[in-house]
K.L.:
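Pasting a structure below so you can have a look.
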Amino acid sequence: MTQMAAVSTCCTHHLLPLLLLAAIVATTTTNHAAAAATLNITNLCPFTVWPAAVPVGGGRRLDPGTSWALDVPAGAAPGRVWARTGCTFDATGANGTCLTGDCGGALSCTGYGEPPQTLAEFSLGQADGQDLFDISLVDGFNVPMDFLPAPPPDQSPPCSKGPRCPANVTAQCPGELRAHGGCNSACRVFKQDKYCCTGNGTNTCEPTTYSLPFVRMCPDAYSYSRNDASSPGFTCPSDK
Ligand SMILES: *[C@@H]1O[C@H](CO)[C@@H](O)[C@H](O)[C@H]1NC(C)=O
Ligand SMILES: *[C@@H]1O[C@H](CO)[C@@H](O)[C@H](O)[C@H]1NC(C)=O
Ligand SMILES: *[C@@H]1O[C@H](CO)[C@@H](O)[C@H](O)[C@H]1NC(C)=O
Ligand SMILES: *[C@@H]1O[C@H](CO)[C@@H](O)[C@H](O)[C@H]1NC(C)=O
């Protein structure tokens with residue numbers, strides 16, 4: 001049995017310069033608890049990005065209109081995908097820097113990237129037989145992104161929805177949060193409970209002046225707010 005889902009970073013010429021499309025395609029296994037998946041990461045932007053993925057995948061260059069089919073094996077730890085922008089690498093191609101999402105200068109990341117960065121997160125083969133996936137803006141925003149299920153024709157609902165963050169949050173980023181190539185989270189900039197939903201803010205955290213652009217422009221995505229009934233994670237049945 002095969003199950004598919006898609007992560008997309010979206011762009012049109014008007015609003016969305018970057019579309020990173022990733023389809024999660026769970027492949028057949030014999031172990032119920034061992035769900036594998038394939039992410040089809042596509043750059044629909046008119047510029048090159050360098051998608052990165054951990055703990056499986058590393059990273060690579062992805063020119064406009066091209067795709068990267070990333071197999072995530074059964075039993076892999078929860079993972080994330082993000083798109084690095086503005087990279088330059090040396091003649092070996094393995095060492096350089098990126099404007100956003102840089103992971104210590106490596107082309108193939110083994111650790112997390114540097115904010116601001118839009119994140120596609122996934123956790124395969126949960127105990128309840130579900131794969132979880134979401135888009136998170138808790139590390140800020142750098143490119144529009146979608147993460148959409150792409151079930152095969154014989155896959156019945158409800159595995160049909162996924163998060164989209166189609167807007168260019170950078171364009172409406174509050175001045176204090178502006179960063180080269182993106183928009184930082186207020187938590188990262190101010191490091192206060194009310195922005196990070198930590199400490200006394202854990203249970204009372206609400207959208208702030210600073211989180212509102214994120215919440216308003218990408219309501220499907222996680223951002224710093226406990227008022228997140230409208231920004232849930234999404235699920236699809238795990239591969240059997
Ligand atoms: C990945 O997605 C792109 C864009 O939709 C599509 O053209 C391509 O065939 C897909 N690749 C795979 C391996 O499914
Ligand atoms: C990467 O570049 C830095 C700075 O130029 C250099 O110090 C380092 O040795 C390089 N690493 C590799 C693996 O080439
Ligand atoms: C988003 O907006 C910023 C600021 O206006 C601009 O520099 C950037 O190119 C835009 N990005 C996209 C993907 O449209
Ligand atoms: C949390 O709230 C309590 C009660 O209002 C207060 O005494 C305490 O100082 C607060 N802690 C922080 C870290 O703000």
Side-chain angles (χ1 to χ4, degrees), residues 1-28 36-51 53 56-57 59-73 81-87 98-101 113 115-120 122 131 133 135 137 139-155 159-160 162-185 189 210 212-214 216-218 221 223 236 239:
M1 170 170 189
T2 301
Q3 173 203 317
M4 303 176 70
V7 179
S8 317
T9 308
C10 305
C11 309
T12 69
H13 289 296
H14 302 294
L15 290 177
L16 312 171
L18 171 63
L19 173 59
L20 175 66
L21 172 65
I24 294 180
V25 184
T27 57
T28 301
T38 299
L39 299 177
N40 181 12
I41 301 164
T42 300
N43 178 13
L44 298 188
C45 297
F47 49 85
T48 298
V49 298
W50 288 259
V56 176
R60 48 163 286 180
R61 174 185 172 125
L62 200 60
D63 287 329
T66 61
S67 298
W68 174 26
L70 171 61
D71 291 324
V72 180
V81 177
W82 68 98
R84 292 170 289 176
T85 61
C87 302
C98 300
L99 182 62
T100 62
Q117 54 186 346
T118 312
L119 299 174
F122 57 91
D131 294 340
F133 57 108
I135 290 176
L137 300 178
D139 259 3
F141 172 97
N142 66 337
V143 293
M145 185 180 287
D146 285 353
F147 193 168
L148 301 177
D154 63 348
Q155 176 80 44
C159 181
S160 59
R164 306 191 64 180
C165 179
N168 184 4
V169 176
T170 302
Q172 302 204 16
C173 187
E176 300 91 327
L177 306 185
R178 279 181 200 147
H180 290 303
C183 186
N184 278 317
S185 71
V189 172
Y210 294 112
L212 275 175
F214 296 95
R216 190 177 64 245
M217 298 178 77
C218 291
S223 49
C236 279
D239 177 36

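Both counts, for ligands and for their atoms, begin at 1 and track the order of listing.
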K.L.:
Please could you name the atoms of ligand 1 that T42 approaches to less than 4.0 Å, counting only its heavy atoms?
P.N.:
1 (C), 2 (O), 3 (C), 4 (C)

K.L.:
Would you indicate whether the side-chain heavy atoms of P213 and C218 approach each other to under 4.5 Å?
P.N.:
no

K.L.:
Indicate yes or no: at least one non-hydrogen side-chain atom of W50 is less than 4.5 angstrom from one of T85.
P.N.:
no

K.L.:
Can you name the atoms of ligand 1, numbered from 1 with element, that are less than 4.0 Å from a heavy atom of S67?
P.N.:
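Matching atoms, with element in brackets: 1 (C), 2 (O), 3 (C).
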
K.L.:
Is any side-chain heavy atom of I135 closer than 4.5 Å to a side-chain heavy atom of T118?
P.N.:
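Yes; the side chains approach each other to less than 4.5 Å.
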
K.L.:
So V81 and F122, do their side chains get closer than 4.5 Å, heavy atoms only?
P.N.:
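SC-SC contact between F122 and V81 confirmed.
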
K.L.:
Does any N or O atom in T170 lie less than 3.5 angstrom from one in ligand 3, N or O only?
P.N.:
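For ligand 3, there is no N or O atom that lies under 3.5 Å from one belonging to T170.
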
